[in-house]
Amino acid sequence: MDDPLLANLTQAQQDAVLHVDGPLLILAGPGSGKTRVVTHRIANLLRTGIHANRILALTFTNKAAEEMRRRVERLAPGKPVWVSTFHRFCAKLLREHGRLVGLNENFTIYDTSDSQSTLKRTIDLLDIDTGHFTPQQIAHHISWAKNNLIPAAQYQPRPGHPLGAVVAKIYPAYQQALLQANAVDFDDMLLHVAMLLRENPEVRTLLDARFRYILVDEYQDTNLAQYAIVRALSMDYPNLSVTGDPDQSIYGWRGANLSNILEFEHDYPDVNVVRLEQNYRSTKAILRAAATLIAYNKKRKEKDLFTDNGEGDPVRLTTYFSNREEAQSIASRIVSDIRAGRRRPRDFAIFYRVNALSRSLEFAFRDAGVPYQIVNGVEFFQRQEIKDVMSYLRLLNNPSDDEAFLRVVNTPARGIGKTSLKRLAEHARSHRVPMLALAGRAETVEGLGKKPVAALREFAILIDRLSQLTLKPVEELLGHVLSESGYQAHLQASDEAADEERLANVEELLTVARDFDERTPGEGHLEEFLEEICLVNDTDFLDGEEDRVTLMTLHASKGLEFPVVFLTAVEHGLLPHERSREHPDELEEERRLMFVGMTRAQEELNLSMARYREFRGQRRLTVPSQFLMELPVAEFERNEAAENVWHDFAEYPAGPGSSTSDDHHFGDDSHAEQGTDDDGGDISFDVDSFDAPTAPTKSAAAPAPNYALQTAAQLAGHDRSQGAPPAVSPDVFHQGMVVRHPEYGVGKILALSGAGVKRMATVSFPTHGQKKFMLAVSPLRPVKG
DNA sequence: ATTCGCAAAGTTTTT
DNA sequence: CTTTGCGAAT
């Protein structure tokens with residue numbers, strides 16, 4: 001076989017690649033070359049003469065989309081296949097067809113915190129009695145309803161369900177608030193598109209014909225709304241191919257519906273099913289252990305995982321005395337492997353069930369000088385100052401965005417208080433008018449004081465003035481926002497240390513804007529900028545090339561692989577998590593989670609638990625995870641760093657379908673130990689001969705520098721060595737800087753735009769007003785102080 | 001209108 | 001042990 005698309009592929013893989021028309025289900029075990037098969041299949045479709053714009057590939061994450069796009073581009077250069085996340089795809093459709101569901105094309109996408117505060121505001125404004133339910137619980141239930149295609153108008157509470165009764169009151173009001181603000185939450189994007197396709201057959205037919213070939217990745221994680229969308233687009237042309245692994249479904253709690261994949265064959269009777277069961281990633285020992293565990297699940301499609309890889313080291317299972325010993329021992333193992341030249345830091349990954357467990361590992365790694373990075377959630381774009389500034393931009397793009405209005409109307413303080421805003425909000429709601437519009441004629445609102453009215457009107461004028469600039473490059477617009485809103489001055493005037501950091505973050509955002517501007521030449525891309533920002537995740541910026549040990553939750557590990565994996569805290573109450581105790585379905589999901597974690601390992605897999613674990617400030621005696629009893633521990637290498645705890649195991653029932661007795665679980669106070677401060681679990685090893693401690697990089701610390709600077713071409717675009725060298729490099733100028741001009745005197749930089757020799761500055765002079773300069777040739781010079 | 005202090009709660013989180 | 005949110009106090 002000399003077909004390059006089929007070279008080195010197994011029969012099963014070739015079957016999938018060569019499949020053209022009709023439904024296709026690819027059941028792909030971990031490490032089975034799934035992405036390769038999918039991209040090769042796309043290349044094959046293109047080769048048979050199918051137009052690139054007839055093909056749509058949907059993924060869940062930006063990362064996956066980017067990876068797929070990259071690989072398709074390599075196989076079939078110059079064919080712009082639409083590879084997108086579900087949400088981006090839906091956003092695009094809604095910009096085009098949103099009118100059908102009551103949205104203007106400039107709608108705003110609310111992130112979780114925006115939705116949350118809209119929800120709270122709605123509850124507050126309508127004075128709805130929520131009983132003892134928290135807004136989170138209500139939000140979660142609304143989200144559940146949306147994911148299950150139940151729009152507000154059709155929501156019926158189940159009789160006898162108090163939460164349902166509360167939601168029945170709030171959901172419609174919340175939805176109205178969103179629509180009023182011309183905004184959607186994440187779930188809406190899917191729900192709106194699903195409803196739109198259901199209720200507008202002509203649109204559905206059109207789109208079905210447009211997207212003849214649809215490929216869905218991670219199909220086991222689709223929810224009902226996503227399922228409905230994909231189905232609606234594959235009726236006249238049922239060339240739908242889905243890829244997934246029921247055993248790797250770990251997002252059930254977010255509405256993912258396992259039956260979508262389990263019943264795919266039922267939905268499409270003529271489906272071609274391909275099983276990719278050969279694993280190219282792990283050793284036999286690792287795969288065998290993982291397969292043994294997952295076999296305990298009942299709701300699954302049985303797969304026969306195998307590999308031609310070697311047997312490899314036995315899986316290691318270590319019981320430590322304490323979590324501290326666990327962390328230190330892992331750190332020292334890593335140190336010695338690196339020092340011996342066997343491994344590099346990036347070869348290692350440490351997984352845990354909950355973020356809070358990263359703590360002792362961090363300490364141990366810092367002490368041992370192990371360079372590490374944590375994949376977690378303190379996100380750059382969620383920071384207060386970034387959200388504030390972004391809210392200004394949002395308001396400019398969508399004047400109905402009440403959430404953005406409320407966020408910035410008194411930021412910095414303009415003397416507009418809570419009471420005034422509540423009056424304004426009530427009036428705006430009852431008259432169904434955006435708050436910003438009402439602010440412009442605040443005098444018509446009863447009960448507002450003189451000062452607030454004046455301040456509100458002035459704010460409206462400010463926004464109006466800034467809206468004249470929305471076609472400008474985002475960086476420049478942002479500059480004007482920062483200086484003219486007084487936001488930057490407010491941060492600069494502050495003497496709080498935190499505000500200095502905020503200022504730096506705002507600078508970072510300017511850099512992000514600049515990168516965006518360079519990637520998207522032309523006018524009027526504000527909306528795209530906003531959409532891009534709210535649909536990215538900070539881990540999208542995590543640099544896989546960094547030579548660091550990676551720490552992350554089991555959930556975050558999906559889709560990745562590492563030579564050496566440490567799976568920590570395999571303890572009852574954590575894995576499986578305590579909260580899954582009641583529901584058998586959730587227990588199966590926990591088992592899948594462990595399965596996912598184990599199958600990330602290529603060469604070495606280390607499972608560990610601690611006899612005592614400090615968690616939430618308390619030291620507790622732990623109970624081994626029941627999953628350990630479902631694993632072939634007899635063939636493991638078992639280490640007991642502390643006293644023997646394995647005799648306890650005899651008391652536990654084992655075997656499929658059984659569960660541990662209820663009287664031992666994490667969080668059971670009867671096991672709380674008090675007064676022991678020293679766990680004595682010290683492990684000593686030579687720290688000095690290793691490199692100096694390296695500061696950890698948090699994904700949130702500085703996403704911007706990597707942002708969009710990943711290709712050589714883009715890096716080349718940054719080359720500023722060409723062109724006439726200015727007396728002062730254009731790069732020394734920054735937004736808000738005070739500069740001197742020989743003729744106009746001293747002024748302040750309002751905004752910057754462009755790059756290299758074309759970099760422009762807008763400067764405001766007290767005596768001569770605003771002027772624009774080309775920095776490379778201008779006589780502007782920074783003024784010190 | 002901010003700031004401080006205390007109470008309460010605390011999985012996972014592709015977008 | 002944290003973080004977060006709310007209410008009271010300046």
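The sequence lines fix the lettering, A, B, ..., with proteins before strands; numbering per chain opens at 1.
No N or O donor and acceptor, one from the side chain of A:R579 and one from the base of B:dT11, sit under 3.5 Å apart.
Checking A:N106 against A:N182 by side-chain atom types alone, a donor-acceptor pair falls below 3.5 Å. Side-chain polar atoms of A:E67 and A:T35 form no donor-acceptor pair below 3.5 angstrom.
Distances shorter than 4.0 Å separate some side-chain N or O of A:N355 from OP1 or OP2 on B:dT12. Under 4.0 angstrom from either OP1 or OP2 of B:dT11 there lies at least one side-chain N or O belonging to A:R616.
The ring of A:F615 does not lie on top of the base of C:dC1; it is either too far (5.5 Å or more) or too tilted (30° or more). With centres under 5.5 Å and a plane angle under 30°, the ring of A:H577 is stacked against the base of B:dT11.
Considering only side-chain atoms of A:E586, the nucleotide from B:dT12, B:dT2, B:dT11 that sits closest is B:dT11.
Atom name P, nucleotides B:dT13 and C:dT4: the rounded distance is 15 Å, in whole Å. If you take atom P in B:dT12 and the same atom in C:dG5, they sit 16 Å apart, rounded to whole Å.
Separating the CD1 atom of A:I123 from the P atom of C:dG5 is a distance of 14 Å, rounded to the nearest angstrom.
Counting only distance, with no hydrogens or angles, the side chain of A:T599 and the backbone of A:P30 share no donor-acceptor pair below 3.5 Å.
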